[in-house]
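What follows is a single structure, written as structure tokens, with notes after it.
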2 protein chains.
Amino acid sequence: MLHSASAQSAKIAATFHALGDPTRRVIVEKLCEQPQSASLLAAPLGITVAAVVQHLAILEQSGLIRSEKIGRIRTCRLEPSGLKTLEDWVSQRRTLWERRLDKLGEVLDEE
Amino acid sequence: MLHSASAQSAKIAATFHALGDPTRRVIVEKLCEQPQSASLLAAPLGITVAAVVQHLAILEQSGLIRSEKIGRIRTCRLEPSGLKTLEDWVSQRRTLWERRLDKLGEVLDEE
DNA sequence: TCAATACTTAAGCCAGCACTTGACAAACCA
DNA sequence: TGGTTTGTCAAGTGCTGGCTTAAGTATTGA
């Protein structure tokens with residue numbers, strides 16, 4: 001399955017933007033351990049639930065988390081494919097960099 | 001070699017903050033292919049060299065790039081260990097998440 | 001049914017950040 | 001030596017983004 005380059009870069013942009021904020025990173029780290037409600041996430045963060053909900057929206061848009069509302073409780077959980085997007089980007093950059101070194105090696109060998 | 005948890009998290013914070021900006025991501029992507037000077041980086045970005053230099057300082061602080069000034073030219077190159085920091089964070093989260101699933105499986109098996 | 005809980009939404013505040021301008025310094029070159 | 005290139009630094013500007021408050025909706029439980 002192929003994605004357009006722009007779709008991929010849009011997703012990566014959203015992901016990095018989401019994880020660029022320390023509070024959102026803490027949320028993601030908590031959700032790695034177990035799913036939690038919005039108010040449960042807010043408590044240790046020292047910010048209002050309203051603020052947390054705003055963070056959750058950004059995280060959800062980026063695909064890093066998923067949330068489901070049952071009754072009056074919204075339960076959030078990690079979406080592992082979001083981490084995969086990140087992993088792919090990093091390994092792609094790494095590959096590019098290594099390929100460059102390989103080429104450089106070839107040139108040096110020829111001389 | 002051990003690093004303190006706070007030192008690691010400070011580095012990760014700097015890395016995510018650095019990559020949270022689209023312009024800085026473009027810079028990193030360019031530097032994956034080849035080292036470049038500040039003005040060379042600025043040209044296709046449509047911003048001033050002064051702005052690029054500010055971005056470079058942030059990227060360098062995060063450990064994602066390294067730069068060296070020879071004559072009047074500052075050459076920037078990728079620092080692969082910066083990408084490694086990122087890779088480590090992701091794989092750590094992934095591991096946490098998988099471990100949770102494993103535990104969940106055990107509990108279900110016991111019942 | 002009434003109150004408490006859990007979240008949602010909108011509006012506004014303010015600090016931080018990306019960027020510019022302008023003035024400067026150093027290196028290169030004709 | 002004078003002009004061009006390349007980068008540095010400081011100050012200022014405008015906008016984004018994280019947060020709050022306040023008012024609302026839906027769900028739950030006594």
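Note that this is a predicted model, so its numbers are computed, not measured. Protein chains get the first letters and strands the later ones, always in sequence-line order, with residue 1 at the start of each. The basis for the numbers below is simple: all heavy atoms, side chains too, and nothing from hydrogens, waters or symmetry mates.
With rounding to whole Å, A/L45 atom CG is found 15 Å from D/dT20 atom C1'. Here C/dA15 presents its C1' atom at 13 Å from NE2 of B/H17, a figure rounded to the nearest Å. If you take NE2 of A/H55 and P of D/dC19, they are 4 Å apart, rounded to a whole angstrom. Whole-Å rounding puts the A/I58 CD1 to D/dT16 C1' distance at 11 Å.
Over its length, the helix from C/dT1-D/dA30 to C/dA30-D/dT1 turns its helix axis by 20°, as judged from the five terminal pairs at each end, rounded to 10°.
Note on residues 19-73 of chain B: no pairs pass ring pair (Phe, Tyr, Trp, His ring centres under 6.0 Å), not counting sequence neighbours. Residue pairs meeting the salt bridge (charged side-chain N to carboxylate O under 4.0 Å, His left out) criterion with at least one partner in residues 56-77 of chain A, sequence neighbours excluded, are A/R66-A/E79.
Under a hydrophobic clustering in which Ile, Leu, Val, Met, Phe, Trp and Tyr are joined whenever their side-chain heavy atoms come within less than 4.5 Å, directly or via other members, A/L96 and A/I12 fall into different clusters. Cluster annotation: A/L19 and B/V90 are assigned to the same hydrophobic cluster (Ile/Leu/Val/Met/Phe/Trp/Tyr, side-chain heavy-atom contacts under 4.5 Å, transitive).
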Whether each nucleotide of nucleotides 6-12 of chain D has a protein heavy atom under 4.0 Å at its base (B), only at its sugar-phosphate (S) or at neither (-) is summarised, 5' to 3', as SSSB-B-
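Not a single side-chain hydrogen bond (donor to acceptor under 3.5 Å, both in side chains) links B/Q54 to another residue, sequence neighbours left out. The salt bridge (charged side-chain N to carboxylate O under 4.0 Å, His left out) test applied to A/R24 returns no partner, not counting sequence neighbours. Not counting sequence neighbours, the partners of B/T48 by the side-chain contact (heavy atoms from CB on, under 4.5 Å) test are B/A50, B/A51. The side-chain hydrogen bond (donor to acceptor under 3.5 Å, both in side chains) check on A/W97 picks up nothing, with sequence neighbours excluded.
Hydrophobic cluster membership of B/V53, counting Ile, Leu, Val, Met, Phe, Trp and Tyr whose side-chain heavy atoms lie under 4.5 Å apart directly or via other members: B/V49. In the hydrophobic clustering (ILVMFWY side chains linked at under 4.5 Å, chained through shared members), B/I70 stands by itself.
Contact check of residues 18-36 of chain A against DNA chain D (heavy atom, cut-off under 4.0 Å) returns A/D21, A/T23, A/R24.
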Pairs under 3.5 angstrom only: tabulate donor-acceptor contacts from the side chains of residues 27-45 of chain B to other protein residues two or more places apart or in another chain.
{"from": "B/E29", "atom 1": "OE2", "to": "A/W89", "atom 2": "NE1", "distance (Å)": "3.1"}
{"from": "B/S37", "atom 1": "OG", "to": "B/L40", "atom 2": "N", "distance (Å)": "3.2"}

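One finds a side-chain N or O of A/T48 lying less than 4.0 angstrom from the OP1 or OP2 phosphate oxygen of D/dT20.
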